[in-house]
Amino acid sequence: MSSLKNKKEKRYVGVRETALYGVANGGQVIGYNLIRMQLTFFFVTVFGIPAKAVTAMVFFMGIWDAFNDPVMGSIVDKTRTRFGKLRPYLIFVPIPLGIATVAVFGGAEFMQGAGNTAKIVYMCITYFIWEFFYTIGDIPFWGLSAAISPNPEDRSRAITSARFISSIIGGIVNMLIPVFIDLSTNNVISWTLPQVFLFMGVFAGTVGMGLFSLSGIFTRERVVQSTKEPSIFDSFRVLFKNKPLLLIVLANILGTVEGITDVFTQYYYKLSLGFASLSILAGIPGTVMGFFAYLLIPWLEKRYTSKQIIIRVTVLKAIVTSIIFLCGCKFYRNPSVIVPLLAIQGFFTSAISSIKMVIPTKMVGDTVDYMEWKTKERNEGMTFSLLTFISKLTGSLSTALATAIIPIIGLQQVGNDMVLAEGGNVNTRFWLWGLVTAIPAVLNLLSLIPYIFYDLQGEKLKVIHADIKARQEARSKEVSQEQTEENS
Amino acid sequence: MDNVCPKCGAKLSIFYLKTICPKCGCNLLYYDMNNRLEEDYIKAENEWNRLDKLVDKITPEFIKQKMQNKE
(Lines give C-alpha, C1' and ligand atoms only; values in the text may rest on other atoms or scores of the structure.)
Protein backbone atom coordinates (compact mmCIF):
# COMPACT_ATOMS: atom_id res chain seq x y z
CA MET A 1 0.00 0.00 0.00
CA SER A 2 2.82 2.36 0.87
CA SER A 3 4.20 2.25 -2.66
CA LEU A 4 0.93 3.47 -4.12
CA LYS A 5 1.30 6.99 -2.82
CA ASN A 6 4.03 9.51 -2.79
CA LYS A 7 5.29 10.00 0.76
CA LYS A 8 4.27 13.63 1.04
CA GLU A 9 0.69 12.75 0.09
CA LYS A 10 0.31 10.15 2.78
CA ARG A 11 -2.41 10.70 5.34
CA TYR A 12 -1.14 10.00 8.85
CA VAL A 13 -4.09 11.36 10.82
CA GLY A 14 -7.16 9.14 10.71
CA VAL A 15 -10.85 10.00 10.93
CA ARG A 16 -11.00 9.36 14.69
CA GLU A 17 -8.01 11.53 15.55
CA THR A 18 -9.21 14.35 13.29
CA ALA A 19 -12.70 14.25 14.81
CA LEU A 20 -11.41 14.08 18.39
CA TYR A 21 -9.16 17.07 17.81
CA GLY A 22 -12.30 18.97 16.76
CA VAL A 23 -14.38 17.68 19.69
CA ALA A 24 -11.57 18.78 22.04
CA ASN A 25 -11.78 22.30 20.65
CA GLY A 26 -15.54 22.14 21.17
CA GLY A 27 -14.92 21.32 24.86
CA GLN A 28 -12.43 24.16 25.15
CA VAL A 29 -14.86 26.78 23.80
CA ILE A 30 -17.57 25.95 26.36
CA GLY A 31 -15.58 27.67 29.13
CA TYR A 32 -14.14 30.27 26.77
CA ASN A 33 -17.58 31.36 25.49
CA LEU A 34 -18.88 31.51 29.04
CA ILE A 35 -16.06 33.90 29.96
CA ARG A 36 -16.22 35.89 26.72
CA MET A 37 -20.00 36.39 26.71
CA GLN A 38 -20.91 36.53 30.38
CA LEU A 39 -17.86 38.01 32.12
CA THR A 40 -19.25 41.51 32.76
CA PHE A 41 -22.82 40.36 33.44
CA PHE A 42 -21.60 37.70 35.87
CA PHE A 43 -19.14 39.83 37.82
CA VAL A 44 -21.28 42.99 37.93
CA THR A 45 -24.88 41.75 38.14
CA VAL A 46 -24.56 38.27 39.64
CA PHE A 47 -21.45 38.64 41.82
CA GLY A 48 -22.21 42.29 42.73
CA ILE A 49 -18.74 43.70 42.00
CA PRO A 50 -18.58 47.40 40.98
CA ALA A 51 -18.38 47.77 37.16
CA LYS A 52 -15.28 50.01 37.43
CA ALA A 53 -13.36 47.27 39.24
CA VAL A 54 -14.30 44.73 36.54
CA THR A 55 -13.28 47.12 33.74
CA ALA A 56 -9.94 47.85 35.46
CA MET A 57 -9.24 44.13 35.90
CA VAL A 58 -10.04 43.34 32.24
CA PHE A 59 -7.78 46.23 31.15
CA PHE A 60 -4.81 45.08 33.27
CA MET A 61 -5.31 41.47 32.22
CA GLY A 62 -5.12 42.67 28.58
CA ILE A 63 -1.73 44.26 29.27
CA TRP A 64 -0.60 41.15 31.17
CA ASP A 65 -1.57 39.05 28.13
CA ALA A 66 0.90 40.95 25.96
CA PHE A 67 3.75 39.55 28.11
CA ASN A 68 2.08 36.34 29.13
CA ASP A 69 1.44 34.90 25.65
CA PRO A 70 5.03 34.95 24.28
CA VAL A 71 6.48 33.78 27.60
CA MET A 72 4.07 30.83 27.61
CA GLY A 73 4.96 30.19 23.97
CA SER A 74 8.67 30.03 24.72
CA ILE A 75 8.05 27.75 27.73
CA VAL A 76 6.15 25.39 25.41
CA ASP A 77 9.03 25.51 22.90
CA LYS A 78 11.51 24.56 25.64
CA THR A 79 9.46 21.53 26.66
CA ARG A 80 10.84 18.11 25.75
CA THR A 81 8.92 15.02 26.93
CA ARG A 82 8.16 11.54 25.63
CA PHE A 83 4.71 12.80 24.56
CA GLY A 84 6.31 15.62 22.58
CA LYS A 85 6.40 19.26 23.57
CA LEU A 86 2.71 20.17 23.19
CA ARG A 87 0.69 17.15 24.30
CA PRO A 88 1.75 17.14 27.97
CA TYR A 89 0.01 20.49 28.41
CA LEU A 90 -3.10 19.18 26.69
CA ILE A 91 -3.16 16.09 28.92
CA PHE A 92 -2.59 17.82 32.28
CA VAL A 93 -3.76 21.46 31.91
CA PRO A 94 -7.52 20.64 31.61
CA ILE A 95 -7.51 19.59 35.30
CA PRO A 96 -6.38 22.95 36.83
CA LEU A 97 -8.22 24.86 34.09
CA GLY A 98 -11.44 23.02 34.99
CA ILE A 99 -10.95 23.82 38.69
CA ALA A 100 -10.25 27.48 37.82
CA THR A 101 -13.44 27.66 35.70
CA VAL A 102 -15.51 26.35 38.62
CA ALA A 103 -13.75 28.80 40.98
CA VAL A 104 -14.48 31.80 38.71
CA PHE A 105 -18.18 31.03 38.20
CA GLY A 106 -18.73 29.63 41.68
CA GLY A 107 -17.57 32.93 43.19
CA ALA A 108 -21.03 34.45 43.58
CA GLU A 109 -22.21 31.35 45.44
CA PHE A 110 -19.06 30.75 47.49
CA MET A 111 -18.60 34.40 48.52
CA GLN A 112 -22.17 35.21 49.56
CA GLY A 113 -22.19 37.92 52.22
CA ALA A 114 -18.55 38.91 51.61
CA GLY A 115 -17.55 42.59 51.31
CA ASN A 116 -16.61 44.33 48.07
CA THR A 117 -12.86 44.16 48.72
CA ALA A 118 -12.96 40.42 49.34
CA LYS A 119 -15.03 39.91 46.20
CA ILE A 120 -12.64 41.99 44.07
CA VAL A 121 -9.62 40.08 45.42
CA TYR A 122 -11.40 36.78 44.73
CA MET A 123 -12.30 37.86 41.19
CA CYS A 124 -8.74 39.01 40.38
CA ILE A 125 -7.09 35.85 41.73
CA THR A 126 -9.47 33.35 40.13
CA TYR A 127 -9.59 35.17 36.78
CA PHE A 128 -5.80 35.50 36.70
CA ILE A 129 -5.42 31.74 37.35
CA TRP A 130 -8.06 30.94 34.71
CA GLU A 131 -6.36 33.17 32.15
CA PHE A 132 -2.94 31.63 32.94
CA PHE A 133 -4.12 28.04 32.47
CA TYR A 134 -6.26 28.92 29.46
CA THR A 135 -3.22 30.39 27.67
CA ILE A 136 -0.98 27.44 28.53
CA GLY A 137 -3.66 25.14 27.08
CA ASP A 138 -4.59 27.23 24.04
CA ILE A 139 -1.08 27.75 22.62
CA PRO A 140 -0.19 24.02 22.58
CA PHE A 141 -3.62 23.18 21.16
CA TRP A 142 -3.13 25.35 18.07
CA GLY A 143 0.58 24.49 17.98
CA LEU A 144 -0.45 20.84 17.69
CA SER A 145 -2.22 21.64 14.41
CA ALA A 146 1.26 22.18 12.92
CA ALA A 147 2.82 19.16 14.62
CA ILE A 148 0.06 16.55 14.23
CA SER A 149 1.38 15.49 10.83
CA PRO A 150 4.14 16.25 8.32
CA ASN A 151 1.38 16.33 5.67
CA PRO A 152 -0.21 19.83 5.28
CA GLU A 153 -3.50 18.26 4.16
CA ASP A 154 -3.78 16.38 7.47
CA ARG A 155 -3.22 19.65 9.29
CA SER A 156 -5.85 21.41 7.24
CA ARG A 157 -8.39 18.69 8.03
CA ALA A 158 -7.56 18.88 11.75
CA ILE A 159 -7.98 22.68 11.81
CA THR A 160 -11.24 22.45 9.81
CA SER A 161 -12.56 19.81 12.21
CA ALA A 162 -11.64 22.00 15.20
CA ARG A 163 -13.26 25.13 13.78
CA PHE A 164 -16.35 23.28 12.56
CA ILE A 165 -17.10 21.28 15.70
CA SER A 166 -16.28 24.19 18.03
CA SER A 167 -18.64 26.47 16.11
CA ILE A 168 -21.46 23.93 16.57
CA ILE A 169 -20.78 23.30 20.28
CA GLY A 170 -20.04 26.99 20.87
CA GLY A 171 -23.29 27.96 19.12
CA ILE A 172 -25.35 25.57 21.26
CA VAL A 173 -23.71 26.89 24.47
CA ASN A 174 -24.29 30.50 23.39
CA MET A 175 -27.99 29.72 22.93
CA LEU A 176 -28.35 27.83 26.22
CA ILE A 177 -26.71 30.41 28.50
CA PRO A 178 -29.41 33.12 28.08
CA VAL A 179 -32.13 30.43 28.32
CA PHE A 180 -30.84 29.34 31.74
CA ILE A 181 -30.59 32.97 32.87
CA ASP A 182 -34.19 33.63 31.75
CA LEU A 183 -35.47 30.44 33.43
CA SER A 184 -33.87 31.54 36.68
CA THR A 185 -34.91 35.22 36.59
CA ASN A 186 -38.52 34.25 35.71
CA ASN A 187 -38.57 31.68 38.54
CA VAL A 188 -39.28 28.77 36.17
CA ILE A 189 -36.46 26.88 37.89
CA SER A 190 -35.72 27.23 41.60
CA TRP A 191 -32.03 28.07 41.10
CA THR A 192 -30.79 31.56 41.85
CA LEU A 193 -28.48 33.26 39.31
CA PRO A 194 -25.34 32.47 41.36
CA GLN A 195 -26.43 28.79 41.35
CA VAL A 196 -27.06 28.90 37.59
CA PHE A 197 -23.55 30.24 37.00
CA LEU A 198 -22.06 27.71 39.41
CA PHE A 199 -23.79 24.97 37.39
CA MET A 200 -22.47 26.40 34.12
CA GLY A 201 -18.98 26.67 35.61
CA VAL A 202 -19.11 23.04 36.79
CA PHE A 203 -20.38 21.94 33.36
CA ALA A 204 -17.62 23.85 31.52
CA GLY A 205 -15.01 22.68 34.04
CA THR A 206 -15.92 18.98 33.90
CA VAL A 207 -17.59 18.15 30.56
CA GLY A 208 -15.78 20.91 28.63
CA MET A 209 -12.36 20.17 30.04
CA GLY A 210 -12.95 16.42 29.79
CA LEU A 211 -13.49 16.88 26.07
CA PHE A 212 -10.53 19.25 25.79
CA SER A 213 -8.19 16.65 27.30
CA LEU A 214 -9.00 14.32 24.36
CA SER A 215 -6.66 16.45 22.23
CA GLY A 216 -3.75 15.36 24.42
CA ILE A 217 -4.78 11.74 24.96
CA PHE A 218 -5.81 10.64 21.46
CA THR A 219 -3.43 12.58 19.21
CA ARG A 220 0.26 12.28 18.33
CA GLU A 221 3.01 14.71 17.44
CA ARG A 222 4.58 13.50 14.22
CA VAL A 223 7.32 16.03 13.59
CA VAL A 224 10.89 16.01 14.89
CA GLN A 225 11.94 18.64 17.41
CA SER A 226 15.55 19.63 18.00
CA THR A 227 17.25 17.83 20.90
CA LYS A 228 18.58 21.10 22.28
CA GLU A 229 16.02 23.20 24.15
CA PRO A 230 15.96 26.76 22.78
CA SER A 231 16.35 29.57 25.31
CA ILE A 232 13.62 32.20 25.70
CA PHE A 233 15.91 34.71 23.96
CA ASP A 234 16.46 32.26 21.06
CA SER A 235 12.71 31.81 20.66
CA PHE A 236 12.20 35.58 20.34
CA ARG A 237 15.17 35.96 17.98
CA VAL A 238 13.99 33.17 15.69
CA LEU A 239 10.52 34.72 15.57
CA PHE A 240 11.84 37.92 14.03
CA LYS A 241 13.66 35.92 11.35
CA ASN A 242 10.38 34.36 10.26
CA LYS A 243 9.51 36.68 7.35
CA PRO A 244 6.36 34.83 6.14
CA LEU A 245 4.96 34.85 9.69
CA LEU A 246 5.65 38.56 10.09
CA LEU A 247 3.83 39.19 6.79
CA ILE A 248 0.78 37.24 8.06
CA VAL A 249 0.89 39.24 11.31
CA LEU A 250 1.08 42.52 9.37
CA ALA A 251 -1.85 41.45 7.18
CA ASN A 252 -3.88 40.66 10.33
CA ILE A 253 -3.11 44.08 11.80
CA LEU A 254 -4.05 45.84 8.55
CA GLY A 255 -7.25 43.78 8.52
CA THR A 256 -8.28 45.18 11.92
CA VAL A 257 -10.78 47.47 10.21
CA GLU A 258 -12.85 44.44 9.15
CA GLY A 259 -13.84 43.89 12.80
CA ILE A 260 -15.73 47.18 13.11
CA THR A 261 -18.66 45.72 11.12
CA ASP A 262 -19.76 43.73 14.19
CA VAL A 263 -19.86 46.85 16.36
CA PHE A 264 -21.97 48.87 13.93
CA THR A 265 -24.33 46.04 12.91
CA GLN A 266 -26.23 46.18 16.22
CA TYR A 267 -26.50 50.00 16.02
CA TYR A 268 -27.72 49.82 12.43
CA TYR A 269 -30.52 47.35 13.18
CA LYS A 270 -31.59 49.15 16.35
CA LEU A 271 -31.26 52.80 15.31
CA SER A 272 -31.74 52.80 11.56
CA LEU A 273 -34.19 49.94 11.03
CA GLY A 274 -35.81 50.18 14.47
CA PHE A 275 -35.68 46.45 15.35
CA ALA A 276 -32.56 44.80 16.81
CA SER A 277 -34.14 41.36 16.40
CA LEU A 278 -34.21 41.69 12.60
CA SER A 279 -30.54 40.73 12.72
CA ILE A 280 -31.61 37.21 13.75
CA LEU A 281 -33.78 36.89 10.65
CA ALA A 282 -31.10 38.28 8.33
CA GLY A 283 -28.48 36.08 9.96
CA ILE A 284 -30.16 32.71 9.22
CA PRO A 285 -28.66 32.08 5.72
CA GLY A 286 -25.24 33.14 6.99
CA THR A 287 -25.39 30.78 9.98
CA VAL A 288 -26.29 27.83 7.73
CA MET A 289 -23.72 28.71 5.09
CA GLY A 290 -21.05 29.24 7.76
CA PHE A 291 -21.23 25.51 8.55
CA PHE A 292 -21.41 24.32 4.94
CA ALA A 293 -18.45 26.49 3.93
CA TYR A 294 -16.12 24.17 5.85
CA LEU A 295 -16.96 21.49 3.28
CA LEU A 296 -15.72 23.79 0.52
CA ILE A 297 -12.22 24.06 1.97
CA PRO A 298 -10.79 20.76 0.61
CA TRP A 299 -12.22 21.65 -2.82
CA LEU A 300 -10.60 25.10 -2.71
CA GLU A 301 -7.28 23.66 -1.53
CA LYS A 302 -7.16 21.28 -4.48
CA ARG A 303 -7.41 24.20 -6.90
CA TYR A 304 -5.59 27.06 -5.22
CA THR A 305 -2.70 27.73 -2.86
CA SER A 306 -3.46 29.19 0.58
CA LYS A 307 -2.30 32.64 -0.55
CA GLN A 308 -4.55 32.50 -3.62
CA ILE A 309 -7.53 31.47 -1.49
CA ILE A 310 -7.00 34.39 0.93
CA ILE A 311 -6.67 36.89 -1.92
CA ARG A 312 -9.73 35.57 -3.76
CA VAL A 313 -12.05 35.47 -0.75
CA THR A 314 -10.95 38.93 0.45
CA VAL A 315 -11.58 40.43 -3.00
CA LEU A 316 -14.86 38.51 -3.31
CA LYS A 317 -16.03 39.93 0.03
CA ALA A 318 -15.20 43.49 -1.09
CA ILE A 319 -17.13 42.96 -4.34
CA VAL A 320 -20.20 41.36 -2.72
CA THR A 321 -20.47 43.98 0.04
CA SER A 322 -20.00 46.81 -2.49
CA ILE A 323 -22.84 45.44 -4.65
CA ILE A 324 -25.05 45.09 -1.55
CA PHE A 325 -24.13 48.65 -0.53
CA LEU A 326 -25.07 50.04 -3.95
CA CYS A 327 -28.32 48.05 -4.07
CA GLY A 328 -29.37 49.37 -0.66
CA CYS A 329 -28.16 52.96 -1.10
CA LYS A 330 -31.66 54.33 -1.54
CA PHE A 331 -33.44 51.89 0.77
CA TYR A 332 -31.23 51.79 3.84
CA ARG A 333 -34.19 52.73 6.09
CA ASN A 334 -36.54 50.16 4.62
CA PRO A 335 -36.39 46.77 6.44
CA SER A 336 -38.30 44.90 3.72
CA VAL A 337 -35.48 45.63 1.24
CA ILE A 338 -32.54 45.70 3.60
CA VAL A 339 -33.17 42.44 5.49
CA PRO A 340 -33.07 40.28 2.30
CA LEU A 341 -30.00 42.22 1.12
CA LEU A 342 -28.17 41.66 4.41
CA ALA A 343 -29.23 38.01 4.36
CA ILE A 344 -27.55 37.63 0.95
CA GLN A 345 -24.47 39.47 2.22
CA GLY A 346 -24.39 37.24 5.32
CA PHE A 347 -24.60 34.15 3.11
CA PHE A 348 -21.33 35.10 1.39
CA THR A 349 -19.48 36.75 4.27
CA SER A 350 -20.15 33.87 6.69
CA ALA A 351 -18.74 31.42 4.16
CA ILE A 352 -15.68 33.63 3.74
CA SER A 353 -15.26 33.93 7.53
CA SER A 354 -15.32 30.13 7.90
CA ILE A 355 -12.66 29.79 5.18
CA LYS A 356 -10.56 32.50 6.86
CA MET A 357 -10.82 30.63 10.17
CA VAL A 358 -8.93 27.70 8.65
CA ILE A 359 -6.54 28.85 5.90
CA PRO A 360 -4.46 31.45 7.85
CA THR A 361 -3.98 28.97 10.73
CA LYS A 362 -2.70 26.44 8.22
CA MET A 363 -0.39 29.09 6.74
CA VAL A 364 1.03 29.77 10.21
CA GLY A 365 1.80 26.05 10.41
CA ASP A 366 3.67 26.40 7.10
CA THR A 367 5.77 29.20 8.61
CA VAL A 368 6.76 26.84 11.45
CA ASP A 369 7.97 24.39 8.79
CA TYR A 370 9.80 27.22 7.05
CA MET A 371 11.71 28.08 10.23
CA GLU A 372 12.55 24.44 10.81
CA TRP A 373 13.90 24.24 7.28
CA LYS A 374 15.90 27.43 7.77
CA THR A 375 17.16 27.06 11.36
CA LYS A 376 16.47 23.37 12.23
CA GLU A 377 14.31 24.65 15.09
CA ARG A 378 10.53 24.28 15.27
CA ASN A 379 8.84 26.97 17.35
CA GLU A 380 5.12 26.12 17.38
CA GLY A 381 4.72 27.60 20.87
CA MET A 382 6.19 31.00 20.10
CA THR A 383 4.55 31.22 16.66
CA PHE A 384 1.03 30.39 17.81
CA SER A 385 1.40 32.58 20.92
CA LEU A 386 2.09 35.48 18.57
CA LEU A 387 -1.05 34.60 16.63
CA THR A 388 -3.11 34.44 19.84
CA PHE A 389 -1.71 37.78 20.96
CA ILE A 390 -2.36 39.42 17.58
CA SER A 391 -5.98 38.24 17.52
CA LYS A 392 -6.50 39.80 20.98
CA LEU A 393 -4.71 42.98 19.87
CA THR A 394 -6.71 43.37 16.66
CA GLY A 395 -9.94 42.72 18.62
CA SER A 396 -9.08 45.60 20.97
CA LEU A 397 -7.92 47.82 18.08
CA SER A 398 -11.13 47.32 16.11
CA THR A 399 -13.22 48.16 19.21
CA ALA A 400 -11.09 51.29 19.76
CA LEU A 401 -11.43 52.24 16.09
CA ALA A 402 -15.21 51.80 16.20
CA THR A 403 -15.39 53.90 19.38
CA ALA A 404 -13.44 56.67 17.61
CA ILE A 405 -15.77 56.55 14.58
CA ILE A 406 -18.99 56.74 16.67
CA PRO A 407 -19.00 60.55 17.31
CA ILE A 408 -17.74 61.30 13.77
CA ILE A 409 -20.78 59.68 12.15
CA GLY A 410 -23.20 61.40 14.54
CA LEU A 411 -23.94 58.76 17.15
CA GLN A 412 -24.27 59.91 20.75
CA GLN A 413 -24.01 58.06 24.04
CA VAL A 414 -26.92 58.97 26.35
CA GLY A 415 -26.69 57.07 29.62
CA ASN A 416 -26.20 53.43 28.68
CA ASP A 417 -27.88 53.88 25.30
CA MET A 418 -26.58 54.97 21.91
CA VAL A 419 -28.83 57.42 20.03
CA LEU A 420 -28.82 59.20 16.66
CA ALA A 421 -27.80 62.85 17.02
CA GLU A 422 -30.60 64.32 14.89
CA GLY A 423 -30.23 67.66 13.13
CA GLY A 424 -26.51 67.50 12.31
CA ASN A 425 -24.91 67.69 8.88
CA VAL A 426 -23.93 64.05 8.91
CA ASN A 427 -26.28 61.42 7.49
CA THR A 428 -25.70 58.91 10.29
CA ARG A 429 -28.03 56.27 8.87
CA PHE A 430 -26.22 56.31 5.54
CA TRP A 431 -22.84 56.03 7.26
CA LEU A 432 -24.14 53.12 9.32
CA TRP A 433 -25.30 51.43 6.10
CA GLY A 434 -21.82 51.87 4.63
CA LEU A 435 -20.15 50.58 7.78
CA VAL A 436 -22.17 47.36 7.88
CA THR A 437 -21.60 46.69 4.18
CA ALA A 438 -18.81 47.92 1.91
CA ILE A 439 -16.51 50.24 3.92
CA PRO A 440 -14.78 47.65 6.18
CA ALA A 441 -14.50 45.04 3.41
CA VAL A 442 -13.07 47.51 0.88
CA LEU A 443 -10.57 48.93 3.42
CA ASN A 444 -9.68 45.35 4.27
CA LEU A 445 -8.16 45.04 0.79
CA LEU A 446 -5.16 46.79 2.36
CA SER A 447 -4.48 43.58 4.26
CA LEU A 448 -3.60 41.95 0.92
CA ILE A 449 -0.49 44.14 0.49
CA PRO A 450 1.74 41.97 2.73
CA TYR A 451 0.57 38.90 0.81
CA ILE A 452 2.19 40.31 -2.35
CA PHE A 453 5.53 39.55 -0.67
CA TYR A 454 4.42 36.20 0.77
CA ASP A 455 6.14 33.48 -1.23
CA LEU A 456 5.72 30.43 0.99
CA GLN A 457 3.63 28.45 -1.48
CA GLY A 458 3.76 26.21 -4.53
CA GLU A 459 7.13 24.66 -5.40
CA LYS A 460 9.00 26.41 -2.58
CA LEU A 461 6.69 24.94 0.03
CA LYS A 462 6.91 21.51 -1.61
CA VAL A 463 10.72 21.62 -1.47
CA ILE A 464 10.61 22.67 2.19
CA HIS A 465 8.25 19.85 3.12
CA ALA A 466 10.32 17.30 1.19
CA ASP A 467 13.55 18.47 2.88
CA ILE A 468 11.97 18.34 6.32
CA LYS A 469 10.62 14.87 5.62
CA ALA A 470 14.05 13.65 4.52
CA ARG A 471 15.66 15.14 7.64
CA GLN A 472 13.01 13.57 9.84
CA GLU A 473 13.58 10.13 8.31
CA ALA A 474 17.34 10.51 8.65
CA ARG A 475 17.00 11.56 12.29
CA SER A 476 14.74 8.61 13.08
CA LYS A 477 17.15 6.18 11.38
CA GLU A 478 20.09 7.75 13.18
CA VAL A 479 18.42 7.43 16.60
CA SER A 480 17.30 3.85 15.93
CA GLN A 481 20.76 2.80 14.64
CA GLU A 482 22.64 4.50 17.48
CA GLN A 483 20.55 2.67 20.02
CA THR A 484 20.77 -0.68 18.28
CA GLU A 485 24.58 -0.31 18.17
CA GLU A 486 24.70 0.74 21.83
CA ASN A 487 22.81 -2.39 22.82
CA SER A 488 24.92 -4.77 20.73
CA MET B 1 -1.61 6.93 24.26
CA ASP B 2 1.51 4.75 24.10
CA ASN B 3 2.66 3.86 27.59
CA VAL B 4 5.24 1.28 26.53
CA CYS B 5 8.79 1.69 25.24
CA PRO B 6 8.83 1.10 21.45
CA LYS B 7 12.10 -0.81 21.80
CA CYS B 8 12.11 -2.94 24.97
CA GLY B 9 8.35 -2.86 25.70
CA ALA B 10 8.87 -1.54 29.26
CA LYS B 11 5.68 -0.16 30.79
CA LEU B 12 5.78 3.58 31.46
CA SER B 13 3.66 5.52 33.93
CA ILE B 14 1.57 8.35 32.49
CA PHE B 15 3.52 10.67 34.81
CA TYR B 16 6.87 9.52 33.39
CA LEU B 17 7.63 12.36 30.99
CA LYS B 18 11.35 12.00 30.18
CA THR B 19 12.29 11.34 26.56
CA ILE B 20 14.57 8.41 27.43
CA CYS B 21 13.32 4.94 28.41
CA PRO B 22 14.32 4.22 32.06
CA LYS B 23 15.07 0.56 31.18
CA CYS B 24 16.90 0.56 27.83
CA GLY B 25 17.78 4.25 27.38
CA CYS B 26 16.07 4.45 23.98
CA ASN B 27 14.71 7.75 22.68
CA LEU B 28 10.97 7.25 23.21
CA LEU B 29 9.95 9.87 20.67
CA TYR B 30 12.14 9.16 17.69
CA TYR B 31 13.15 5.49 18.00
CA ASP B 32 11.69 3.63 15.04
CA MET B 33 9.69 6.75 14.15
CA ASN B 34 9.59 5.94 10.42
CA ASN B 35 7.92 2.60 11.05
CA ARG B 36 5.49 4.09 13.51
CA LEU B 37 4.60 6.76 10.94
CA GLU B 38 4.06 3.99 8.40
CA GLU B 39 1.71 2.23 10.85
CA ASP B 40 -0.18 5.50 11.38
CA TYR B 41 -0.46 5.91 7.61
CA ILE B 42 -1.97 2.43 7.12
CA LYS B 43 -4.38 2.94 10.02
CA ALA B 44 -5.40 6.39 8.78
CA GLU B 45 -5.93 5.17 5.20
CA ASN B 46 -8.17 2.34 6.45
CA GLU B 47 -10.23 4.79 8.50
CA TRP B 48 -10.63 7.24 5.60
CA ASN B 49 -11.50 4.40 3.22
CA ARG B 50 -14.21 3.18 5.61
CA LEU B 51 -15.59 6.73 5.78
CA ASP B 52 -15.50 7.05 1.98
CA LYS B 53 -17.48 3.80 1.67
CA LEU B 54 -20.04 5.05 4.20
CA VAL B 55 -20.41 8.37 2.36
CA ASP B 56 -20.74 6.46 -0.90
CA LYS B 57 -23.54 4.32 0.60
CA ILE B 58 -25.61 7.29 1.73
CA THR B 59 -25.00 9.47 -1.34
CA PRO B 60 -28.06 9.51 -3.66
CA GLU B 61 -27.53 7.80 -7.01
CA PHE B 62 -28.13 10.94 -9.14
CA ILE B 63 -25.33 12.82 -7.31
CA LYS B 64 -22.93 9.91 -7.84
CA GLN B 65 -23.78 9.89 -11.56
CA LYS B 66 -23.26 13.62 -11.82
CA MET B 67 -19.85 13.28 -10.16
CA GLN B 68 -18.90 10.40 -12.45
CA ASN B 69 -19.87 12.44 -15.51
CA LYS B 70 -17.73 15.33 -14.28
CA GLU B 71 -14.72 13.01 -13.85
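Only this structure's heavy atoms are used, side chains among them; waters, hydrogens and symmetry mates stay out. By convention in this document, chain letters (A, B, ...) are assigned in the order of the sequence lines, proteins followed by strands, and residues within each chain are numbered from 1.
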Kindly say whether B:Tyr30 contributes a backbone atom to a donor-acceptor pair with the side chain of B:Asn27 at under 3.5 angstrom? yes

Kindly say whether A:Glu153 contributes a backbone atom to a donor-acceptor pair with the side chain of A:Ser156 at under 3.5 angstrom? no

Out of A:Lys477, A:Arg16, A:Arg220, which one racks up the most heavy-atom pairs below 4.5 Å with chain B? A:Arg220

Atom group of B:Arg50 that falls short of 4.5 Å from chain A, counting heavy atoms: neither

Whether the B:Asn35 and B:Glu38 side chains hold a donor-acceptor pair (N or O, under 3.5 Å, no angle test) is what I'd like checked. no

Under 4.5 Å from any heavy atom of chain A - which part of B:Leu51: side chain

Could you tell me if A:Trp142 and A:Asp138 have a donor-acceptor pair between their side chains, going purely by distance under 3.5 Å? yes

Checked B:Asp32, B:Asn34, B:Leu29 vs chain A; the most non-hydrogen pairs under 4.5 Å come from B:Asn34

Pick one of side chain, backbone, both or neither for A:Val13, based on which atoms fall under 4.5 Å of a heavy atom in chain B. backbone

Out of A:Arg378, A:Lys469, A:Arg475, A:Arg471, which residue meets the salt bridge (Lys or Arg N to Asp or Glu O under 4.0 Å) rule with A:Glu372? A:Arg378

A:Leu90 backbone acceptor or donor facing A:Ser215 side chain under 3.5 Å: no

Identify which part of A:Arg222 has an atom lying under 4.5 Å from any heavy atom of chain B, answering side chain, backbone, both or neither. both

Where on A:Thr219 is there a heavy atom nearer than 4.5 Å to chain B: the side chain, the backbone, both, or neither? neither

